[in-house]
Amino acid sequence: MFDYLENLNDAQREAVLRTEGPSLIIAGAGSGKTRVLTYRMVHLLKQGIRPSTILALTFTNKAAREMKERIAGMVGQQLASWLWMGTFHSIFARMLRIEHEATGYPADFTIYDAADSKNLVRTIIKDFGLDDKVYKPGTVSSRISNAKNNLITPGSYAQKPEFRDYDRSIQMPRISEIYKEYHKRCRIAKAYDFDDLLLETNLLFRDHPDILARYQSKFDYVLVDEYQDTNYAQYLIIRNLVANHRNICVVGDDAQSIYAFRGARIENILNFQDDYPDHKVFRLEQNYRSTQTIVNAANSVIAHNKRQLRKAVFSEKETGPKIRLIEALTDGEEGFQVAGIIAETQLRDHYRFSDFAILYRTNAQSRIFEEALRKKNIPYKIYGGLSFYQRKEIKDLLAYFRMVVNPDDNEALKRIINYPPRGIGQTTLSKLEQLSTDNEKSVWEVITAGGDHFQTEFNAGTRSKIAVFSALVNRFREQAKDMGAFELARTIAAETGILKDLYNDKSPEGLSRYKNMEELLNAIQEFTTSAIEEGRESGIGDYLQEVALLTDQDNEKEGDRDKVTLMTVHSAKGLEFRTVFIVGMEKNLFPSVQAGDFLSQEEYEEERRLFYVALTRAQQQVFLSCADQRYRWGKLEYCQPSPFIREIDPRFLEQGTGGKNTFMQRQDPIQNYSRFRAEQELPRNPVSPSLRTNFQRKADQLKTESQEEGYAVSEDLSGYLPGTVVEHQRFGLGKILKVEGVAPDVKATVFFHNAGQKQLLLRFARLRIVK
DNA sequence: TGGGAAGTCTTTTTT
DNA sequence: AGACTTCCCA
C-alpha cells in the first residue's frame with residue numbers, strides 16, 4: 001500500500017512519514033523537495049485524511065499546478081481536486097470572498113494589480129499637489145506595499161517611528177497621508193491590491209476569532225513551500241492557522257532566499273526552530289541534479305555567507321567538467337562566444353537547444369544574446385519583460401470586464417471611459433475624479449446618480465457623451481447575466497469597436513496587438529468550455545478572479561520545445577538545464593555598486609545567494625562570462641569581474657581559460673583603469689580570432705605603458721577631503737564628512753542637502769568637486 | 001487635443 | 001538605447 005515510499009531516500013522518507021507536529025524540511029538545491037511535498041500529501045491521503053482538510057501554499061501558480069498534477073497521478077483526479085492548494089494570494093482571495101460579510105466588502109471585489117496601484121498612487125500624489133519628482137509613485141507604492149507586508153495599517157503607519165523616520169530621510173514625510181488616502185480610495189472602488197489580500201486576511205483573523213477558529217479546525221494539515229520567501233504577513237497567517245494542532249510542514253532553503261527586496265524574510269526559516277520548539281528538522285542534502293563539481297563549487301561560494309542553516313549538500317553523480325570562464329573584451333563578443341559554444345556543443349555532443357540556458361541579472365541584458373543567437377540561427381525563447389496580461393490592449397478589454405463585475409472599479413473606468421475615443425477628454429475625467437473624491441463616491445456613482453454638481457459642472461454635450469458610456473456599460477452588465485464569459489467578451493470586443501480599431505492598425509505593433517486580442521478571446525473561450533465541462537461557474541466574474549492572480553509563465557506556448565532559454569536568475573528558480581551560462585558576471589552589474597553606494601551586508605549576501613541559485617540550475621556544465629567593456633544606456637562602460645568568481649574554490653574552476661592577460665590574472669583590475677578606458681574603445685563585434693588577438697595586444701600594451709607611468713587612481717582622489725563641497729549627478733550638492741579606506745577602495749561619507757547622508761565609493765561615484 | 005520635441009530615468013519579480 | 005513622460009505649440 002505504501003510502496004511509493006520506495007522511491008524516496010532515507011531523509012526524504014522520514015520527512016514524508018512524520019506527518020504530525022511542526023516539521024522543518026531544509027531542502028538543498030536539487031534535493032527533491034517537490035517530490036517530498038507531493039509524497040507527503042499522498043501519504044496523508046492514503047491514510048484516509050480528507051483532502052479538504054489539507055492546505056498547501058506555494059508561491060507560484062505553476063508550482064501549485066505541477067504538484068497537483070503529480071498528486072492526481074498518484075491518487076486520482078477526484079481526490080486531488082479537493083485539496084486546498086494554490087498560491088497564498090489565490091487561496092486567501094478565495095477565503096476573503098467566502099467571508100465577505102465579515103469584511104464588509106462585496107464578494108466580487110476587484111483585485112488591483114501593480115500597475116493599477118501605481119496609477120492610483122500617482123493620482124493621489126497629483127491631487128495632494130505634491131511634486132512627483134520627489135514623491136515618485138513607484139517608491140511610494142513600494143513603501144505602502146512594504147507597510148502592508150508588515151501589517152502596518154493606514155491608521156497605525158504614522159505612529160511607527162521606523163517608517164516615519166525613513167520617510168523623512170528620503171524626503172517624503174507625507175507618505176502616511178498618501179497611504180490613508182490610497183486605502184480610502186481602494187475601499188470606494190471596492191478593490192483590494194495584492195498586499196491587501198494578505199493584510200485583510202490577517203485583520204479578518206484578528207477581528208473575528210470565530211472565523212479563525214473555523215479555519216483552524218478546517219485545516220488539519222498545513223504545508224508551505226519556499227518558506228524562505230514568505231513575508232511577515234504570510235508568516236503570521238500560517239502561525240495563526242496552525243496555532244492549535246501545530247501540524248505545520250515548511251519546506252525551504254535559506255541559501256535560495258532571493259526575494260528580500262519584496263519583503264521576504266529569511267528570518268522566518270532561520271527562526272522556525274524557535275517558533276516551534278517541538279519541531280523536527282529534516283535535511284535533504286543529496287543533490288540529484290548536478291555534478292559533484294557544480295555542487296561543490298556552489299557550496300564553496302555560499303560558505304562565505306555568515307548566517308545560514310547548517311547543511312551539507314552533496315552529489316553522487318559524476319565529477320563532471322570544471323566551471324569555465326569566458327572572458328570577452330566586449331559585450332558583443334561575449335554574446336558571440338556564448339552563441340558559438342552553444343552551436344558547437346549542440347552539433348558535436350548532440351545536445352538539444354533546450355539543454356541550454358542563458359541566465360542574467362537584469363532583463364535588459366538579454367538583447368546582446370538575442371542578437372548573437374539570431375545571427376547563428378539558434379532558436380531561443382525569452383522569459384520576462386511585459387507579461388501578456390500587462391499589455392495595454394489586454395488590460396483594456398479586461399477593464400471592460402472589470403466594469404461589468406464591479407462598476408465602482410475606478411482604475412478600470414479611467415482606462416476605458418475614452419477608449420475607444422468617445423470624446424471624453426482629460427478635462428472631463430479630471431472633473432469627474434474631483435467630484436468622486438469630494439463626495440467620497442466612485443466615478444461610476446457620480447455619473448449614474450446625476451446630482452446637482454454633475455448638472456452644473458458639465459455642459460449638455462459632455463453629459464450626453466458620458467450617458468452614452470454609462471448606457472454601454474449598463475447594457476454589458478445586463479447581458480452578462482445570461483451570457484458566458486466568452487460570448488460577452490466577443491460582444492464587448494465587437495460593440496465597443498476595439499476589435500475593429502486594432503484590425504485597422506496595420507503597423508507591426510498593431511498586428512501583434514490584434515493577435516494578442518485574438519489570443520485573449522481564445523483563452524476566454526477555453527476557460528468557458530472547460531469550466532462548463534467541469535461544472536464550474538463560467539461567468540465573466542469567475543474568469544476575472546482566475547486571471548487577476550495569473551501570470552505569464554503559466555501559459556507555455558506550443559513550439560517552444562527545443563529552444564535555448566534566456567531568463568533572469570530570479571525567474572530560473574526551480575528550473576534546471578544541462579548547460580547554464582551565467583553571463584554579465586561583472587561587478588558593474590550589481591545595482592547599487594553602480595551608483596557608488598555600498599551594498600549592505602544583507603544585500604551582498606543576497607547577491608551571493610543569487611549566484612548560488614544560478615550555479616545550481618546546471619546539471620552538467622556551467623559557463624561564467626564577463627566582458628571588459630560594455631554598452632549600457634547607450635554609453636560605454638568599463639567593467640571588472642564579479643568578486644564572486646574569486647570565491648569559487650579554484651579546484652572547481654577551469655584555470656587560464658581566457659589567455660594570459662585576462663581579468664582574473666590582473667593583479668589589480670582597478671589600477672590604471674581610467675587611463676586605459678579613455679583611449680581604447682573596442683569594436684562591439686570582433687569577428688575573426690586574429691582581429692581579437694590584435695585588440696588584446698593593443699589593450700595590453702596600453703596597460704603596460706600606463707603602469708610604467710605610475711598612474712594611479714588614488715591621485716585622482718586626493719582632492720576629496722572632509723569639508724569639500726561636491727556635486728553628485730543624482731543627489732545634488734553635498735559636503736564630505738568623512739573619508740576612509742585605502743586606494744582604490746576609498747569610501748566617503750557625504751551629506752547631501754536633498755538626499756541625506758550617503759556612503760559612496762569614490763572610484764565609482766559620479767561626483768565632482770565644487771569647492 | 002494631439003503630435004512632435006525635449007527631458008528623464010533606468011534592479012531583480014510574484015501575486 | 002529605449003521606454004516613458006512632459007512640455008509646448010498649432
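The sequence lines fix the lettering, A, B, ..., with proteins before strands; numbering per chain opens at 1. Below, each value reflects all heavy atoms present in this structure, side chains not excepted, and no hydrogens, waters or symmetry copies.
Below the 3.5 angstrom threshold, one finds no donor paired with an acceptor across the side chain of A/Arg361 and the base of B/dT11.
Sorted by residue number, the members of residues 189-203 of chain A with any non-hydrogen atom under 4.0 Å from DNA chain B read A/Phe194.
A/Leu57 has its CG atom 14 Å from the C1' atom of B/dT14, to the nearest Å. The distance between atom CD1 of A/Ile258 and atom C1' of B/dT11, rounded to the nearest whole Å, is 13 Å. If you measure from atom CE of A/Met95 to atom P of B/dT15, you get 19 Å, rounded to the nearest angstrom. Atom pair A/Gln234:CD and B/dT13:C1' shows a separation of 13 Å (rounding to whole Å applied). At whole-Å resolution of the value, NZ in A/Lys118 and C1' in B/dT15 are 17 Å apart. As rounded to whole Å, 11 Å separates atom C1' of B/dT14 from atom CG of A/Asn231.
Between A/Ile111 and the choices A/Asp116, A/Val547, A/Leu544, A/Leu197, the side chain to side chain contact (heavy atoms under 4.5 Å, CB included) rule is met once, by A/Leu197.
Stacking between A/Phe261 and the base of B/dT12 is present: ring centres sit under 5.5 Å apart and the planes differ by under 30 degrees.
No engagement by A/Phe88 is indicated, since no non-hydrogen atom pair under 4.0 Å with the nucleic acid exists.
Within the 4.0 Å cut-off from OP1 or OP2 of B/dT15, not a single side-chain nitrogen or oxygen of A/Asn149 is found.
Judged as a side-chain hydrogen bond (donor to acceptor under 3.5 Å, both in side chains), and not counting sequence neighbours, A/Arg94 has no contacts.
Among pairs with a residue in residues 229-239 of chain A, those fulfilling salt bridge (Lys or Arg N to Asp or Glu O under 4.0 Å) read A/Asp229-A/Lys573, at least two apart in sequence or across chains.
The aromatic rings of A/Phe644 and A/Tyr604 sit tilted relative to each other, their planes meeting at an angle between 30° and 60°.
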